J.: 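The structure that follows is given in the form of structure tokens.
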Amino acid sequence: QVQLVESGGGLVQAGGSLRLSCAASGRTFSNYAMAWFRQAPGTEREFVAHIGKSGGYTDYADSVKGRFTISRDNAKNTMYLQMNSLTPEDTAVYYCAAVRQGLYVSDLEVPRRYDYWGQGTQVTVSS
């Protein structure tokens with residue numbers, strides 16, 4: 001089992017920044033690729049970003065490319081999402097997820113491909 005705990009969410013004005021963290025425990029963190037998803041009320045869970053086990057590979061949704069940066073520190077068992085230039089459209093609950101097996105690129109954005117999930121952290125961007 002892998003336990004994931006997100007933190008860092010909150011209320012921010014449009015144009016502002018937040019950094020989310022996802023702390024992992026229970027298994028060797030570096031054996032898992034990680035991702036961030038988000039879900040706004042009444043919508044499906046949406047892919048945000050993915051990072052490979054060593055941190056060398058990253059992928060982003062088009063909607064956040066150039067504004068968000070995913071990273072990880074395997075020594076600290078923690079993944080991060082730096083979010084800049086936030087807009088009200090970024091308002092959602094943000095979830096971190098972990099997967100043990102390698103994924104095809106086409107599967108990176110598919111929630112059911114991930115094995116473990118955190119409880120989520122709310123991000124609200126006011127206009």
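Residue numbers run from 1 in the order of the sequence given. Given the structure is predicted, the values throughout are model-derived calculations rather than measurements.
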J.: In terms of hydrophobic clusters joined by side-chain contacts under 4.5 Å, are V12 and V64 together?
T.: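 Yes, V12 connects to V64 through the hydrophobic network.
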J.: Find out whether W36 and E6 are in side-chain contact, i.e. whether some heavy atom of one side chain is under 4.5 Å from a heavy atom of the other.
T.: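 Yes. Closest side-chain heavy atoms under 4.5 Å.
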J.: What is the distance from atom CD1 of I51 to atom CG of L108, rounded to the nearest 0.5 Å?
T.: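 It comes to 12.0 Å.
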J.: Could you check, using the six-membered ring where one of them is a Trp, whether F47 and Y60 have ring centers closer than 6.0 angstrom?
T.: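 Ring centres of Y60 and F47 not closer than 6.0 Å.
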J.: Determine whether S71 and M79 make a side-chain contact, defined as any pair of heavy atoms from C-beta on separated by less than 4.5 Å.
T.: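 In short, these two side chains do not touch, never coming nearer than 4.5 Å.
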J.: Please round to the nearest 0.5 Å and tell me the distance separating atom CZ of R38 and atom CD of Q122.
T.: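 R38 CZ to Q122 CD: 12.0 Å, rounded to 0.5 Å.
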J.: Hey, what do you get for CG (N77) to OH (Y32), rounding to the nearest 0.5 Å?
T.: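 Atom-to-atom, N77:CG and Y32:OH are 11.5 Å apart.
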J.: Is there a continuous path of hydrophobic side-chain contacts, each under 4.5 Å between heavy atoms, that joins Y116 to Y94?
T.: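 Same cluster.
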J.: Is a donor from one side chain sitting under 3.5 angstrom from an acceptor on the other, for Q82 and R19?
T.: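 The criterion, which ignores hydrogens and geometry beyond distance, is not satisfied for R19 and Q82.
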J.: Calculate, to the nearest 0.5 Å, the distance between atoms OG1 and OH belonging to T69 and Y80 respectively.
T.: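 That separation rounds to 14.0 Å.
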J.: Under 3.5 Å, is there a donor-acceptor pair between the side chain of N74 and the main chain of K53?
T.: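 Indeed, once roles are kept as given, a pair shorter than 3.5 Å links the two residues.
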J.: I would like to know whether N31 and R100 meet side-chain contact (heavy atoms from CB on, under 4.5 Å); could you show each step before the answer?
T.: CA-CA 6 Å; N31 286 343; R100 179 70 172 87; 3.9 Å; yes
J.: With the side chain counted from C-beta on, respond yes when F68 and L81 share a heavy-atom pair under 4.5 Å apart, and no when they do not.
T.: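 Yes - at least one pair of side-chain heavy atoms lies under 4.5 Å apart.
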J.: Does any part of the side chain of V123, heavy atoms only, come nearer than 4.5 Å to the side chain of L18, both counted from C-beta?
T.: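 In short, these two side chains touch, coming nearer than 4.5 Å.
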J.: Look at R113 together with D107 and state whether they make a salt bridge at an N to O cut-off of under 4.0 Å.
T.: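 Salt bridge: yes.
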J.: Does the S85 side chain pair with the main chain of R67, one donor and one acceptor, at a distance under 3.5 Å?
T.: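 Side chain of S85 to backbone of R67: no pair is present.
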J.: Can you tell if the side chain of F29 reaches within under 4.5 Å of the side chain of T78, non-hydrogen atoms only?
T.: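 They are not in side-chain contact.
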J.: If the plane angle is over 60° it's perpendicular, under 30° parallel, otherwise tilted; pick one for H50 and Y57.
T.: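 Aromatic pair H50/Y57 classed perpendicular.
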J.: Please name the pair of heavy atoms, one in S127 and one in A14, separated by the smallest distance, quoted to 0.1 Å.
T.: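 Looks like CA-CB, 4.3 Å.
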J.: With a 4.5 Å heavy-atom cut-off, do T121 and L20 have their side chains touching?
T.: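 Answer yes - side chains close enough.
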J.: With a 4.5 Å cut-off on side-chain heavy atoms, are P111 and F37 touching?
T.: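 Of all side-chain heavy-atom pairs linking P111 with F37, at least one is under 4.5 Å.
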J.: Is there a path of hydrophobic side-chain contacts, each under 4.5 Å between heavy atoms of I/L/V/M/F/W/Y residues, joining L4 to I70?
T.: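 Yes, because I70 and L4 connect within a single hydrophobic cluster, where side-chain heavy atoms sit under 4.5 Å apart.
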J.: At what distance, to the nearest 0.5 angstrom, does SG of C22 lie from CZ of R72?
T.: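 Reported to 0.5 Å precision, the distance equals 9.5 Å.
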J.: Under a 4.5 Å cut-off applied to non-hydrogen side-chain atoms, are Y95 and Q119 in contact?
T.: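 Y95 does not reach Q119 side chain to side chain.
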J.: Calculate, to the nearest 0.5 Å, the distance between atoms CD and OG belonging to E89 and S63 respectively.
T.: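 So the gap between those two atoms works out to 10.0 Å.
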J.: Over all heavy atoms of both residues, which pair between A98 and M34 is shortest? Give the atoms and the distance, please.
T.: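 Shortest heavy-atom separation between A98 and M34 comes out as CB-SD, 3.4 Å.
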